[in-house]
Peer 1: 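I'd like to ask you about the structure that follows.
A, B, ... follow the sequence lines: proteins, then strands. Residue 1 opens every chain. For clarity, every value in this text was computed on a predicted model and none was experimentally measured.
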Amino acid sequence: MRVRTRFAPSPTGYMHIGNLRTALYAWLFARHNNGQFLLRIEDTDRNRLVEAASDVIFKTLRDTGLDYDEGPDVGGDYGPYVQSERKEIYGKYAKALVDKGAAYYCFCTKERLDTLREEAQKEGKVFKYDKHCLSLSKEEVQRRLDAGEEYVIRQNIPLEGESSYDDMVYGHISVPMSDMEDNILLKSDGWPTYNLANVIDDHLMEITHVIRGIEYLSSTPKYNLLYDALGWERPKYVHLPPVMKDKTAKLSKRNGDASYEDLIAKGYLKEAIVNYIALLGWNGGGEQEIYSLKELAEAFSLEGLSRSPAIFDIEKLTWMNGEYIRKLSPEEFLEKAAPHFDKALTRDVDREKLARIIQPRLETLNQIEEKVSFFNEVPEYSTDLYFNKKMKTTPENSLDLLKEARAELEKVGDFTNDSLYQALLAVAQKNEVKNGRVLWPVRIAITGTEVTPGGATEIAEILGKTETLSRLDCAIEKLEKSL
RNA sequence: GGCUCCUUGGUCAAGUGGUUAAGACACCGCCCUCUCACGGCGGUUACAGGAGUUCGAAUCUCCUAGGAGUCACCA
């Protein structure tokens, strides 16, 4: 039997990390087993429609490399893949369930239900529908249907016994019938609820493994009753633990927590995001942490899935992102950095050289802006920056060496790192001081910044001779004034 | 509250009756070094608690505690 998995999100307009991870795992399982992966849009809640929300889903899956064999925008033999285009199908099966006695028409008004709910609450009990309409005779049901009365179709849960199944992650799950309610399968607006739609679609689309969030773990026995009533084979189930923001709260857009788009906007690489979330709830048993999508597909197995919630740790993602940035070829890096350079640089500098010194020092692409701003102009700074204990520099001793350094640098024809470094080293040697005594002040003088990506001579090379000397002159002048 | 599930360092986690209880992030220290970062080396920190089974328990059982999910004409 060929493995078929699916990702079935409801279109909300963004892709949150937990959802993406669910899609990833479903995709990985399918690919690992040489199976098929499909996308289905669950939009049966007509009150919550969001304009063009499916586009975010299409785009994110395409972006991350989670290609689907069937789906709304790619077609397939089991379509349509959007639930709102399958309305008649659900109605048909809802009625079939009624005929089999597994479901029944219910005409109870909102008012009656509310009253019941209130009473239950007063008595401190959990409200459960009382199967009131189950006792209606066939004739009466027909009469009220003919009269055009509003109705829903409810699942008829047996009064006794239990329903159980074996989850591939959580093991044996068993729920007493008495704890299940006669949930609504078909709403009064004619649309199905998730309870009905997921069962019909997963069966019709021949899904072999249902991979979804843990929120469905305890309602799955109810769905199984439907499979049984229809005489359908139940799929295998793989429920996934949640992705948490902290110990007690789930990651959610409502809390302002990062979505996939947000992370991309913050300068994270899609490969790093995918790699990181793959490890949030799964591991291959070994020590490998950096995985390409392809490697993940090869290594993925259900045994590696965790049962406990995982907290989303942006720090580790950030570290991993740094790893991915460093792995980029110079060309790839330049391409990804370009928009940030455009934004950050007002002066014309050699981007290739700049890229070379900055690439190993980045954890996110967005850090480029802050790290290169001194190339545009020297910021306001205090001459206190010339104090450095380890280098044994002070504004006073810096001034003298700066003057000497300036004179030497002016003589350098080949204005490259190596030559510059040699020139400054010579200054240090001549004065019989440690290298830092001259390198530190030079770097401060030409950057006005305590921490820079790269050393004095690397930066001088990028700045160029004219700019370097001019900055040195300004710095010398500034020092003289302050002393 | 009922039901279902979960519980190894701050975080992700390996571990399936006998281990000095891995590794990674973070943190700290040292080295490298023209600052920072990278890299290298080292360090602090964990089996939620309690009973039991067993020669022996992070691993099996039970209880307690904590947490999560669910209990909609949302998915």
Side-chain angles (χ1 to χ4, degrees), chain A residues 8-10 12 42-45 47-48 83 106 110 113 117 124-128 150 152-154 167 169-171 173-176 178-181 183-189 191-195 197-198 212-221 239 241-242 244 246-250 276 279-290 306-320 322 326 357-363 371 385 388 390-391 417 420-421 424-425 428 434-444 447 449-459:
Chain A
S10 55
T12 55
E42 311 222 326
D43 58 348
T44 55
D45 186 351
N47 300 316
R48 290 199 195 181
Q83 290 189 330
C106 172
K110 184 112 180 8
L113 261 20
R117 234 182 283 269
K125 286 195 285 195
V126 181
F127 168 75
K128 205 176 132 187
E150 197 165 81
V152 299
I153 290 179
R154 284 182 184 275
D167 186 87
V169 171
Y170 288 95
I173 305 294
S174 186
V175 177
S178 57
D179 287 327
M180 300 183 218
E181 199 189 1
N183 288 300
I184 288 170
L185 263 20
L186 202 70
K187 300 183 266 189
S188 57
D189 61 5
W191 290 94
T193 59
Y194 179 84
N195 306 124
N198 93 84
R212 67 196 357 168
I214 195 173
E215 59 269 29
Y216 300 107
L217 183 78
S218 51
S219 47
T220 295
H239 286 101
M244 311 290 282
D246 54 46
K247 270 263 187 290
T248 61
K250 232 172 122 168
Y276 175 69
L279 262 32
L280 255 195
W282 177 86
N283 79 83
E287 289 186 2
Q288 183 175 358
E289 290 202 294
I290 303 296
S306 163
R307 260 150 299 155
S308 44
I311 296 172
F312 181 85
D313 181 14
I314 191 84
E315 300 247 5
K316 182 138 189 182
L317 202 212
T318 303
W319 163 77
M320 192 172 277
R326 270 172 252 130
I357 65 165
I358 205 163
Q359 182 177 1
R361 283 171 243 258
L362 290 176
E363 289 191 303
K371 282 192 161 41
L385 283 186
N388 184 293
K390 200 177 159 203
M391 303 298 149
N417 184 43
L420 295 168
Y421 191 57
L424 293 181
L425 239 47
K434 287 171 66 176
N435 303 346
R437 277 281 299 280
V438 9
L439 290 161
W440 176 273
V442 169
R443 196 177 54 84
I444 294 301
T447 65
T449 305
E450 191 170 17
V451 173
T452 57
T457 57
E458 289 172 300
I459 290 165

Peer 1: Now, which nucleotide makes the Watson-Crick or G-U wobble pair with A58(B), with each of the two distances under 3.5 Å?
Peer 2: none
Peer 1: Between A68(B), A22(B), G39(B), which nucleotide has the shortest distance from any of its atoms to the side chain of Glu287(A)?
Peer 2: A22(B)
Peer 1: Before accepting this row, confirm whether a basic side-chain N of the pair Lys316(A)/Asp313(A) lies closer than 4.0 Å to the acidic partner's carboxylate O.
Peer 2: no
Peer 1: Would you indicate, yes or no, if C5(B) has its OP1 or OP2 atom less than 4.0 angstrom from a side-chain nitrogen or oxygen of Ser308(A)?
Peer 2: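 Looking at the OP1 and OP2 atoms of C5(B), neither is under 4.0 Å from any side-chain N or O of Ser308(A).
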Peer 1: Assign Ser10(A) to base, sugar-phosphate, or nothing according to its heavy-atom contacts below 4.0 angstrom with the strands shown.
Peer 2: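 Here Ser10(A) touches the backbone only, sparing every base.
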Peer 1: Side-chain N or O of Lys247(A) less than 4.0 angstrom from OP1 or OP2 on U11(B)?
Peer 2: yes
Peer 1: Could one point to a donor on the side chain of Lys316(A) or the base of A24(B) with an acceptor on the other under 3.5 Å away?
Peer 2: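 For Lys316(A), whose side chain was compared with the base of A24(B), there is a donor-acceptor pair (under 3.5 Å).
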Peer 1: Given A26(B), A13(B), A75(B), which nucleotide is nearest the side-chain atoms of Ser306(A)?
Peer 2: A13(B)
Peer 1: If you check every side-chain atom of Ala310(A), which of C12(B), U35(B), G1(B) has the closest atom?
Peer 2: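 My answer, after comparing the listed nucleotides, is C12(B).
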Peer 1: What is the base-pairing partner of U16(B), counting Watson-Crick and G-U wobble geometry with both distances under 3.5 Å?
Peer 2: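 Pairing partner, where one exists within any strand: none, as none qualifies.
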Peer 1: Suppose you measure atom C1' in G40(B) against the same atom in U20(B); what distance do you get, rounded to whole Å?
Peer 2: 24 Å
Peer 1: Measure from the side-chain heavy atoms of Asp313(A) and tell me the nearest of C34(B), C36(B), U11(B).
Peer 2: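 Selected nucleotide (nearest to the side chain): U11(B).
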Peer 1: NA contact type, Tyr421(A), heavy-atom cut-off 4.0 Å: base, sugar-phosphate, or nothing?
Peer 2: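 It contacts base atoms.
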Peer 1: Would you tell me if any nitrogen or oxygen in the side chain of Tyr170(A) comes within less than 4.0 Å of OP1 or OP2 on C5(B)?
Peer 2: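 No.
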Peer 1: Quick one: look up who U4(B) pairs with, Watson-Crick or G-U, both distances under 3.5 Å, and put none if it's unpaired.
Peer 2: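 Its partner is A68(B).
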Peer 1: Kindly give the heavy-atom pair with the smallest separation between Thr193(A) and Ile184(A), and that separation in Å.
Peer 2: OG1-O, 2.7 Å
Peer 1: Give Asn417(A) one of three labels, base, sugar-phosphate or nothing, depending on what nucleic acid heavy atoms sit under 4.0 Å from its own.
Peer 2: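 Since a base atom lies under 4.0 Å of Asn417(A), the category is base.
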Peer 1: Which part of the nucleic acid, if any, lies within reach of Gly281(A) when heavy atoms closer than 4.0 Å are counted: base, sugar-phosphate only, or nothing?
Peer 2: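 Sugar-phosphate contact only.
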Peer 1: Judged by each residue's nearest nucleotide on RNA chain B, which is more toward the 5′ side, Lys110(A) or Leu362(A)?
Peer 2: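 Here Leu362(A) is the residue nearer the 5' end.
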Peer 1: U45(B) pairs with which nucleotide, Watson-Crick or G-U wobble, both distances below 3.5 Å?
Peer 2: none
Peer 1: Looking for any heavy atom pair under 4.0 Å, which part of the strands does Met320(A) touch: base, sugar-phosphate only, or nothing?
Peer 2: nothing
Peer 1: Between Tyr421(A) and Leu439(A), what is the shortest heavy-atom contact and its length?
Peer 2: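 That would be CE1-CD1, 3.8 Å.
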Peer 1: Of the listed nucleotides (A75(B), G2(B), A72(B)), which one gets closest to any side-chain atom of Asp179(A)?
Peer 2: G2(B)
Peer 1: Reckon Tyr216(A) touches a base, only the sugar-phosphate, or nothing at all at heavy-atom distances under 4.0 Å?
Peer 2: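 Base, at least one base atom sits under 4.0 Å.
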Peer 1: Trp319(A) CH2 to U11(B) P: how many Å, rounded?
Peer 2: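 Distance check: Trp319(A) CH2 to U11(B) P gives 18 Å.
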Peer 1: In whole angstrom, give the distance that lies between atom CG of Leu113(A) and atom P of C73(B).
Peer 2: 7 Å
Peer 1: Where is the tightest heavy-atom contact between Glu215(A) and Lys250(A), given as atom of each residue plus distance?
Peer 2: OE1-NZ, 4.1 Å
Peer 1: Quick check: any donor-acceptor pair below 3.5 Å linking the side-chain of Thr452(A) to the base of C36(B)?
Peer 2: no
Peer 1: Which one, C73(B), G23(B), G69(B), comes nearest to the side chain of Glu215(A)?
Peer 2: G69(B)
Peer 1: Provide the Watson-Crick or G-U wobble partner of C74(B), both distances under 3.5 Å; none if there is no partner.
Peer 2: none
Peer 1: Below 30° counts as parallel, above 60° as perpendicular, anything between as tilted: where do the rings of Phe312(A) and Tyr276(A) land?
Peer 2: perpendicular
Peer 1: Is there a donor and acceptor pair, one atom on the side chain of Ser218(A) and one on the base of C3(B), closer than 3.5 Å?
Peer 2: no
Peer 1: Base, sugar-phosphate, or nothing: which does Thr44(A) touch, judged by heavy atoms less than 4.0 Å apart?
Peer 2: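 Result for Thr44(A) = sugar-phosphate.
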Peer 1: Does C36(B) have a Watson-Crick or wobble partner in any strand here, with both distances under 3.5 angstrom, and which is it?
Peer 2: none
Peer 1: Applying a 4.0 Å non-hydrogen cut-off, can you work out what Glu42(A) is touching in the nucleic acid: base, sugar-phosphate, or nothing?
Peer 2: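 If one applies the 4.0 Å heavy-atom cut-off, Glu42(A) turns out to touch the sugar-phosphate alone, with no base involved.
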Peer 1: Taking for each residue the nucleotide of RNA chain B bearing the nearest heavy atom, is the 5' side occupied by Pro453(A) or by Leu217(A)?
Peer 2: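 Closer to the 5' end of RNA chain B: Leu217(A).
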Peer 1: Considering only atom P, compute the distance from G18(B) to A57(B) and round it to an integer number of Å.
Peer 2: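 Taking atom P in both G18(B) and A57(B), they lie 11 Å apart.
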Peer 1: Under 4.0 Å between a side-chain N/O of Lys187(A) and OP1 or OP2 of A75(B), yes or no?
Peer 2: yes
Peer 1: Are any non-hydrogen side-chain atoms of Leu217(A) and Asp167(A) less than 4.5 angstrom apart?
Peer 2: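 In contact.
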Peer 1: When the distance from CZ of Arg437(A) to C1' of C34(B) is rounded to whole Å, what number comes out?
Peer 2: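 Rounding to the nearest Å, CZ of Arg437(A) and C1' of C34(B) are 14 Å apart.
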Peer 1: Checking contacts here: which listed nucleotide (U33(B), C34(B), A26(B)) is nearest the side-chain heavy atoms of Lys390(A)?
Peer 2: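 Selected nucleotide: U33(B).
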Peer 1: Report which part of the nucleic acid Ser178(A) touches: base, sugar-phosphate, or nothing (heavy-atom distance under 4.0 Å, all strands).
Peer 2: nothing
Peer 1: Which heavy atom in Ile459(A) sits nearest to a heavy atom in Gly454(A), and how many Å separate them?
Peer 2: CD1-O, 3.5 Å
Peer 1: What contact category does Gly285(A) fall into here, base, sugar-phosphate, or nothing, at under 4.0 angstrom with non-hydrogen atoms?
Peer 2: sugar-phosphate
Peer 1: Please name the pair of heavy atoms, one in Asn198(A) and one in Arg212(A), separated by the smallest distance, quoted to 0.1 Å.
Peer 2: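 So the two residues come closest at OD1-NH2, 3.0 Å.
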Peer 1: C1' atom, C25(B) versus C32(B): distance in rounded Å?
Peer 2: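 To the nearest whole Å, 23 Å.
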Peer 1: Are Asn283(A) and A14(B) close enough that a side-chain N or O sits under 4.0 Å from OP1 or OP2?
Peer 2: yes
Peer 1: Please name the nucleotide paired to A21(B) by Watson-Crick or G-U wobble geometry with both distances under 3.5 Å, or report none.
Peer 2: none
